[in-house]
Chemist: 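Take a look at this one; I'll ask things after.
Both counts, for ligands and for their atoms, begin at 1 and track the order of listing. Starting from 1, each residue takes its place in the sequence as its number.
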Amino acid sequence: MSANTIVSETLYQGYAQSFEVTRQLFEVNTGHQHLQIVDTPFMGRVMLLDGVVQTTEKDEFIYHEMMVHVPLFAHPDPKRVLIIGGGDGGILREVLRHKNVEHITQVEIDQSVIDMCKEYFPNHSQGAFDDPRANIVIADGKDFVANCREKFDVIIADSTDPIGPGEVLFTADFYADEKHNCLAEGGIMVAQNGVPFMQGEEITNTWQRLSKLYRDASFYVMPVPTYVGGFMTLAWASDNSALRSQSVEQIQARVDAAGIETRYYNAGVHVAAFALPNYIKTLMK
Ligand code: SAM
């Protein structure tokens, strides 16, 4: 790829986002997916898997903070966390900031993503993969949950979209194994669930599957500039519905106790993120 090329992401039929690219830093077919890492003047470094933007240096903090701090501050005392996907290390980095978390297992299908992100996105993982609390497993998340016998208080599925290797992480079987084999009593599951303005059927499919399994299944939102189309949704599921409707004061007390500095997340944003616009609520059918 020559300097100052325009790269377009065409995840959606008839709609694209484009980046000026100054340099392609890395490209490989890993056997699981096509991995590209490019330098852009506007968003910093950008990673694409199968041509779809996965993360950028400039806006990753929004997604990683909301994917981690909402469930970890909603849970009264999270000690064990399971991460599925998340090969860039941003989720693991944010989970490790919670000093009360004693153990994290991360199940990532593609070692190349971890290796390349350690090299080209050092600020995403910041050494997280070497933390003694982190146990990195290279496997398909589907197989891991099918054979899992450990229990986790919070499960975070930071997968690619339901195309390619990520597709299996959106199936009813996966959600059932994840809940029955891996989630502790009173635990919380969250998962990357796409941009409903562009991928509305992902909300409907996920809601139908999770609401059959959990007493409380819903979503929460945040705007991630490079996940184009407005709000990005994260799926939420727990058998303890009270965990999704805590007050700002309850959350604030835990945030104050944890002493974690953030750039997007705060207790008010935490509570507000569960207020869904009607166009998203109508997809939950
Ligand atoms: N934040 C991004 C997003 O919202 O699209 C996702 C980032 S992360 C790079 C996605 C990760 O999911 C990748 O590292 C990919 O290798 C991993 N992945 C995809 N399918 C998987 C599977 N079946 N099991 C485990 N990891 C998987």
Chemist: If you take the nearest heavy atom of each of V145, L35, V224, D158, which one is closest to atom 12 (O) of ligand 1?
Modeler: D158

Chemist: So does F42 have more than 12 non-hydrogen atoms from other groups sitting under 6.0 Å from CZ?
Modeler: no

Chemist: Could you check whether R80 makes a cation-pi contact with F152, meaning its NZ or CZ is under 6.0 Å from the centre of the six-membered ring and within 45° of the ring axis?
Modeler: yes

Chemist: Answer with side chain, backbone, both or neither: which part of C117 has a heavy atom less than 4.0 angstrom from an atom of ligand 1?
Modeler: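 Under 4.0 Å from ligand 1, C117 contributes no heavy atoms.
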
Chemist: What do we get for Q54 next to ligand 1 when only non-hydrogen atoms under 4.0 Å count, side chain, backbone, both or neither?
Modeler: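 The part of Q54 near ligand 1 is both the backbone and the side chain.
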
Chemist: Out of G164, P165, A191, whose heavy atom is nearest to atom 20 (N) of ligand 1?
Modeler: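 The option holding the nearest heavy atom is P165.
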
Chemist: For Y279, is the OH atom crowded, meaning more than 12 foreign heavy atoms sit under 6.0 Å from it?
Modeler: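 Yes.
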
Chemist: Give, for atom CD of E60 and atom CZ of R93, the distance between the pair rounded to the nearest 0.5 Å.
Modeler: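 The distance works out to 4.0 Å.
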
Chemist: Going by the closest heavy atom to atom 7 (C) of ligand 1, which one wins out of D88, T55, I83, V168?
Modeler: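 The nearest heavy atom belongs to D88.
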
Chemist: In this structure, is the centre-to-centre distance between the rings of Y175 and Y214 below 6.0 Å?
Modeler: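 No, ring centres 6.0 Å or more apart.
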
Chemist: When you check the side-chain N and O atoms of S18 and S8, is any donor under 3.5 Å from an acceptor?
Modeler: yes

Chemist: Should one rank H124, M47, E167, K142 by closest heavy-atom distance to atom 9 (C) of ligand 1, which comes out on top?
Modeler: M47

Chemist: Report the distance from atom CG of N266 to atom CD1 of I260, rounding to the nearest 0.5 Å.
Modeler: 13.0 Å

Chemist: Considering H32, E108, Q106 one by one, which has a heavy atom nearer to atom 17 (C) of ligand 1 than any of the others?
Modeler: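 Closest candidate by heavy-atom distance is E108.
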
Chemist: Show your reasoning for whether salt bridge (charged side-chain N to carboxylate O under 4.0 Å, His left out) applies to R254 and D256.
Modeler: CA-CA 5 Å; R254 294 189 186 130; D256 293 343; over 6 Å; no

Chemist: For atom 26 (N) of ligand 1, what's the nearest protein heavy-atom neighbour? Residue, atom name and distance, please.
Modeler: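 Answer, as residue, atom name and distance: I109 N, 3.3 Å.
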
Chemist: Can you tell me the protein heavy atom closest to atom 3 (C) of ligand 1 and the distance?
Modeler: Y227 OH, 3.5 Å

Chemist: May I ask you to identify, for L49, whether its side chain, its backbone, both or neither come under 4.0 Å of ligand 1 on a heavy-atom basis?
Modeler: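 Within the 4.0 Å criterion, L49 contacts ligand 1 through side-chain atoms alone.
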
Chemist: Just to confirm my output: which protein heavy-atom neighbour is closest to atom 22 (C) of ligand 1, and how far is it?
Modeler: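 The answer is L169 CD1, 3.7 Å.
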
Chemist: For atom 19 (C) of ligand 1, tell me which residue out of L11, D110, T160, V52 has the closest non-hydrogen atom.
Modeler: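 When every heavy atom of L11, D110, T160, V52 is considered, T160 comes closest to atom 19 (C) of ligand 1.
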
Chemist: Tell me the contacting part of D161 for ligand 1: side chain, backbone, both, or neither, using a 4.0 Å heavy-atom threshold, strictly below.
Modeler: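 It is neither part, as no heavy atom is under 4.0 Å.
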
